[in-house]
Enquirer: 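Have a look at this one before I ask anything.
Letters A, B, ... mirror the listed sequences (proteins, then strands); counts begin at 1.
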4 protein chains.
Amino acid sequence: MMKNNKQEIIVDAALEVFRDKGYANTRMADIARRAGVSYGLVYHYFASKEVLFDVIVEGWWGRLYQMLKDEKVSDTGCREKLEHIIRFFLDMYAEKPNLVSIFITEVSRSSVYHTAKGLAKFRSFFSLTEEIMVEGQKKGFLRSDIGPHYLTYIFLGAIEAFISVMVLGKEEVTRERRDRTINGVTEVFLSGAMAE
Amino acid sequence: MMKNNKQEIIVDAALEVFRDKGYANTRMADIARRAGVSYGLVYHYFASKEVLFDVIVEGWWGRLYQMLKDEKVSDTGCREKLEHIIRFFLDMYAEKPNLVSIFITEVSRSSVYHTAKGLAKFRSFFSLTEEIMVEGQKKGFLRSDIGPHYLTYIFLGAIEAFISVMVLGKEEVTRERRDRTINGVTEVFLSGAMAE
Amino acid sequence: MMKNNKQEIIVDAALEVFRDKGYANTRMADIARRAGVSYGLVYHYFASKEVLFDVIVEGWWGRLYQMLKDEKVSDTGCREKLEHIIRFFLDMYAEKPNLVSIFITEVSRSSVYHTAKGLAKFRSFFSLTEEIMVEGQKKGFLRSDIGPHYLTYIFLGAIEAFISVMVLGKEEVTRERRDRTINGVTEVFLSGAMAE
Amino acid sequence: MMKNNKQEIIVDAALEVFRDKGYANTRMADIARRAGVSYGLVYHYFASKEVLFDVIVEGWWGRLYQMLKDEKVSDTGCREKLEHIIRFFLDMYAEKPNLVSIFITEVSRSSVYHTAKGLAKFRSFFSLTEEIMVEGQKKGFLRSDIGPHYLTYIFLGAIEAFISVMVLGKEEVTRERRDRTINGVTEVFLSGAMAE
DNA sequence: CATGAATGAGGGTTCATTCAT
DNA sequence: CATGAATGAACCCTCATTCAT
């Protein structure tokens, strides 16, 4: 993917610093220092702080879309698809916590400021998820008296809440916790929180 | 609450600018200009940009806690309490969209970086909500095979997703839409998304 | 003209530094230091290095145009008008050597400065002078077998050469030298360099 | 002259870029790109940006001096010598417009370049021309009531004005235009602008 | 010869904050 | 109370130059 070794090192360093300090408080010098390269080299590979950030964010969106598209065309049941989506976020968090943190704190919340560009990404994300919900309704698995928009928002909101809590608390996810979370979210989302 | 007229004007201006540009991209000069005052005056009332931001954020937390405490001691049923919480966010958004925007886009984020201070606020918010969930479980209204943490995250995540979508899209909430949303979220949260 | 005292001080300092080092090698810090003000104050009054430079250059063009317009409508003879033009440059050099230096070294050539904006200024300068030449031809004072363009270029070129030599050599102009120069240039331009 | 092919290519590229952007705004990378070579190679042949520029400028001065020396020793009349000087500039502009442009915009002014080194070059240029004027005076061809300095400045100033106008307007010189210019300048310089 | 990755000092600009009036 | 002039530390980015391959 990355042709160059140093590029990767810089991106990884950026991932850490952006996560620790947030985009606005990240200094290019910090990234260079953390990457163990000279100041100028960061600019040799990335035209600006914004470009470097965008490279990271694009990487995220790319993985997310890929997963959603895979789920859409997969012939598994609706419940499994929803479980896979939750699993994606949790596995991603386990594998690349910095990337997920940045998504939560810098992208999903502040996409207001990255007008147009970022907002469009978000709409795609929601649309792809909504298509899965619509399919679930058509198949009679999901209730149809509630608009698919609602189902989408509630489902994704629930995931984001879990991820956010982990991000804010800088928590770790064990495999066990992951499975419990997948189960809990799916269960409540599908069967409801009410007793009986 | 505010003793002084100019203070209020400045806070309102700050609310607008923070919402439009985000904390990091807000200039004290922007706030002064939008308030129509000199920028020495902003400093006359507020010691720093951070203090001004905190005043706004404190106002938000105050209202939120008050509402949650009121709900906790109220003797209405669990379903009503949950509905009230959703309504609070939607009404708040209708009344002070900038305040809610800032909460969504800036507060949760700053919690990550300004640890301690902001994180504690967040935990209180979750705790208060969780207490309502625990009460619902004790009363046998909510299922007990799922930890109250889970119920809380899912419920609040769903609300946040709705609010976020409105914030990001700068949408308006009509009374009708509000009621539909309250109903939709409550219904799915309590009864689940599955058909039948 | 300048409402503000500090502004003037900064412009004067800029005049000196631009003259000494040229636009490209001038540091905003140098200007601030030479003006005896803080770094930020320069930016308080002038949005950028370029703006500060333009303010200076505009001042020059303004004076130059004014003089040329005055000469055009004056009812003195052609010889006197030409003498006045030469005198303007020499007096200006005596009064504001830095301004004239900057004009010669940074404005009058500088392929950089000449992008539309500056080029138009130059054309006006030449046009106004040419009108005086045309008038001289009409009145039968100047020969008409040579196009007014040629007369203009030769006349202005001669002046510029004198000024340039003074600028490059950082020479001073005494009143006597000024008068000798006015006379020499006028004499050669009008009567020619040939003996008899 | 140039031993190496690549060297020439680089110099030609530099000529173009220096002309287009001016010395200060020229990047070594621009030159390398325009030459179609890597930018390590530029340093392989030329120790620094300044050296590369000097090579170009030296080439100019060399040709100019050679021409002036040739004229000095030639046994043609003064009028012919002056015509040859004008022709040199115009032919040079036709043949190597970039070189002449650079001379006009970057060398002949530029307080920066003129630190001793450049100033001396200039004085030589003026001296050589002045010698021709002195000779013309001695022979009784040129008037002697005007100092040779004056004649030199006026003559060279006139040429420079013509060249400058072409450079700034990026105009072309046809053979016809060249001859008209030579004639016009010589005529006015020698016989004066006055009618009769 | 030739390449381009790597370096790092330096410059323009921003902006929160202070303070004299 | 109110103003806005004044300060200067900090930061992003540029680019001439070096050097390993």
Enquirer: Apply side-chain contact (heavy atoms from CB on, under 4.5 Å) to B/Thr26 and B/Phe53, showing your working.
Expert: CA-CA 11 Å; B/Thr26 289; B/Phe53 185 72; over 6 Å; no

Enquirer: Could you give the CZ-to-P distance, from A/Phe46 to F/dC12, as a whole number of Å?
Expert: 16 Å

Enquirer: Nearest of E/dG8, F/dT7, F/dT3 to any side-chain atom of C/Val37?
Expert: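 Out of E/dG8, F/dT7, F/dT3, the nucleotide with an atom closest to C/Val37's side chain is F/dT7.
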
Enquirer: List the residues meeting salt bridge (Lys or Arg N to Asp or Glu O under 4.0 Å) with B/Lys121, not counting sequence neighbours, and say none if there are none.
Expert: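 For B/Lys121, the residues satisfying salt bridge (Lys or Arg N to Asp or Glu O under 4.0 Å) (neighbours in sequence not counted) are B/Glu58.
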
Enquirer: When Watson-Crick pairs (N1 to N3 and N6-O4 or O6-N4) and G-U wobble pairs (N1-O2 and O6-N3) count only below 3.5 Å on both distances, what is the dot-bracket string of DNA chain E, with | for other-strand pairs?
Expert: .||||||||||||||||||||

Enquirer: Write down the distance between OH (C/Tyr45) and P (E/dC15), rounded to a whole number of angstrom.
Expert: 20 Å

Enquirer: Under the rule for salt bridge (Lys or Arg N to Asp or Glu O under 4.0 Å), what residues qualify as partners of B/Arg123, not counting sequence neighbours?
Expert: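 With sequence neighbours excluded, B/Arg123 shows a salt bridge (Lys or Arg N to Asp or Glu O under 4.0 Å) to no residue whatsoever.
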
Enquirer: Please give, in whole Å, the distance from F/dA6 C1' to C/Ile9 CD1?
Expert: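 Distance check: C/Ile9 CD1 to F/dA6 C1' gives 13 Å.
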
Enquirer: Could you check how far CZ of D/Phe53 sits from P of F/dA16, rounded to whole Å?
Expert: 14 Å

Enquirer: Does a side-chain N or O of D/Lys6 approach OP1 or OP2 of E/dC1 to a distance below 4.0 Å, or not?
Expert: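 Result: no.
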
Enquirer: Write down the distance between CG (C/Leu41) and C1' (F/dA9), rounded to a whole number of angstrom.
Expert: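 For the pair C/Leu41 CG and F/dA9 C1', the rounded distance is 16 Å.
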
Enquirer: Do any N or O atoms of the protein come closer than 3.5 Å to N or O atoms of nucleotides 17-21 of chain E, and which pairs are they?
Expert:
| unit_1 | atom_1 | unit_2 | atom_2 | d |
| --- | --- | --- | --- | --- |
| E/dT17 | OP2 | B/Tyr43 | OH | 3.2 |
| E/dT17 | OP2 | B/Lys49 | N | 3.0 |

Enquirer: How many Å lie between CD on B/Gln7 and C1' on F/dA2, as a whole number?
Expert: 14 Å

Enquirer: Tell me whether the OP1 or OP2 atom of E/dA5 has a side-chain N or O from A/His44 closer than 4.0 Å.
Expert: yes

Enquirer: Answer yes or no: does a side-chain N or O of A/Arg27 lie under 4.0 Å from OP1 or OP2 of F/dC12?
Expert: yes

Enquirer: Tell me: CZ of B/Arg33 to P of E/dA16, nearest whole Å?
Expert: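 Between P of E/dA16 and CZ of B/Arg33: 11 Å.
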
Enquirer: Within the side chain of C/Lys6, is there an N or O that forms a donor-acceptor pair under 3.5 Å with the backbone of C/Val42?
Expert: no

Enquirer: For C/Ala35, which residues count as a side chain to side chain contact (heavy atoms under 4.5 Å, CB included) partner, sequence neighbours excluded?
Expert: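 Partners of C/Ala35 under the side chain to side chain contact (heavy atoms under 4.5 Å, CB included) test: C/Ile9, C/Ile10, C/Ala13, C/Val37.
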
Enquirer: Quick one: list whatever passes salt bridge (Lys or Arg N to Asp or Glu O under 4.0 Å) with B/Asp54, sequence neighbours left out.
Expert: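 Residues passing salt bridge (Lys or Arg N to Asp or Glu O under 4.0 Å) with B/Asp54: B/Lys117.
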
Enquirer: For the C1' atoms, the ones on F/dT21 and on E/dC1, what distance do you get once it is rounded to whole angstrom?
Expert: 13 Å

Enquirer: Residues in side chain to side chain contact (heavy atoms under 4.5 Å, CB included) with C/Ser48, at least two apart?
Expert: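 Expected list: C/Glu50, C/Val51.
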
Enquirer: Does D/Asn98 have any side chain to side chain donor-acceptor pair (under 3.5 Å) partners at least two apart in sequence or in another chain, and if so, which?
Expert: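 Result, side chain to side chain donor-acceptor pair (under 3.5 Å) vs D/Asn98: D/Arg19.
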
Enquirer: Under the rule for salt bridge (Lys or Arg N to Asp or Glu O under 4.0 Å), what residues qualify as partners of A/Arg33, not counting sequence neighbours?
Expert: A/Asp30

Enquirer: Nearest-Å distance, OH (A/Tyr23) to P (F/dC11)?
Expert: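 The distance from OH of A/Tyr23 to P of F/dC11 comes to 14 Å, rounded to the nearest Å.
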
Enquirer: By nearest nucleotide on DNA chain E, pick out whichever of D/Ser38 and A/Ser38 is the more 5' one.
Expert: D/Ser38

